[in-house]
Amino acid sequence: MAGLFITFEGIDGVGKSTQADLLETFLVEQNQSVVRTIEPGGTELGQEIRHLLLHRKGEVAPRAEALLYAADRAHHVATKIRPAIAAGQVVIGDRYLDSSVAYQGAGRELDQAEVRNISIWAVEGLLPNLTILLDLEASAAFSRRNQTGTEPDRLESEKVEFFESVRESYLKLAAAEPERFLVVDASQSIDEMQAQIRSRVKALLS
Ligand code: TYD
């Protein structure tokens with residue numbers, strides 16, 4: 001049986017990895033074989049691209065940035081995600097192509113349809129079975145991130161307005177594809193959020 005591909009999306013600081021950890025625990029309890037992965041950087045090549053994107057000093061032209069994310073994604077899907085799905089595993093991805101549309105499209109003012117098309121080409125059309133959007137006001141996500149005390153990377157150093165426009169873009173994407181997206185209010189408790197996620201995932205497993 002073919003596996004499943006589930007992705008988490010949302011602006012920085014909404015708690016994607018916490019929810020992904022809890023979902024992984026649930027799926028393992030359901031006897032599923034789970035593969036956890038991230039973008040950018042889900043493969044060895046991807047780690048090098050991630051470094052270029054997030055830690056290299058100096059400007060990266062918007063189209064170059066969009067293509068680097070797409071290159072990371074192309075390799076990631078071809079060498080890790082598709083083989084896992086074909087082997088019947090459940091892939092949990094922390095970010096996928098909706099991140100590119102939201103961040104490079106809305107945030108960086110590239111044409112969103114073009115950004116999406118580049119990714120669709122890169123991954124030969126692979127879309128997740130379910131995309132969980134953790135939705136939170138940018139100002140609230142900002143104050144959570146500041147509590148972690150880690151140095152912001154290049155994208156995290158953007159202003160609150162940038163993240164508000166990324167958030168709006170995500171909400172539009174979710175509204176356009178209601179069957180693929182589950183929008184979860186990330187101002188709720190960790191347990192409340194996870195309960196909504198599990199109930200939707202349970203339906204996918206049956
Ligand atoms: P992420 O790994 O979630 O950040 P962290 O490990 O610091 O929590 O993502 C790194 C950054 O890359 C994040 O700010 C969002 C951005 N990003 C894009 O702009 N476009 C993309 O296509 C992806 C996958 C991520």
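Numbering of residues begins at 1 and proceeds along the displayed sequence. All values below were derived from every heavy atom in this structure, side-chain atoms included, with hydrogens, water molecules and symmetry-related copies excluded. Read the numbers this way: they start at 1 and go in the same order the structure lists the ligands and their atoms.
Considering R50, R95, R73 as possible partners of E39, the one that fulfils the salt bridge (Lys or Arg N to Asp or Glu O under 4.0 Å) test is R73. A side-chain contact (heavy atoms from CB on, under 4.5 Å) with F8 is found for exactly one of L133, I132, V184, namely I132.
With a 4.0 Å heavy-atom cut-off, ligand 1 is reached by no atom of L53. Using a 4.0 Å cut-off between heavy atoms, Q104 contacts ligand 1 through its side chain alone, with no backbone atom that close. Neither the backbone nor the side chain of E9 has a heavy atom within less than 4.0 Å of ligand 1.
At least one heavy atom of D12 sits less than 4.0 Å from an atom of ligand 1.
Short contacts between ligand 1 and S99, defined as distances under 4.0 Å to a heavy atom of the residue, involve ligand atoms 20 (N), 21 (C), 22 (O), 23 (C), 24 (C).
In summary, the aromatic rings of Y69 and Y103 are positioned with their centroids too far apart to meet the 6.0 Å limit.
No more than 12 heavy-atom neighbours from other residues, nucleotides or ligands sit within 6.0 angstrom of CZ on R63. Heavy atoms of other residues, nucleotides or ligands lying less than 6.0 angstrom from CD of E29 number more than 12.
Comparing K16, R50, R73, H76 by heavy-atom distance to atom 6 (O) of ligand 1, the nearest is R50. Remark: among candidates F162, Y69, F163, the nearest residue to atom 17 (N) of ligand 1 is Y69, based on non-hydrogen atoms.
On a distance-only criterion, R95 and ligand 1 share at least one N/O pair closer than 3.5 Å.
Side-chain contact check for V35 versus I81: every heavy-atom pair is 4.5 Å or farther apart.
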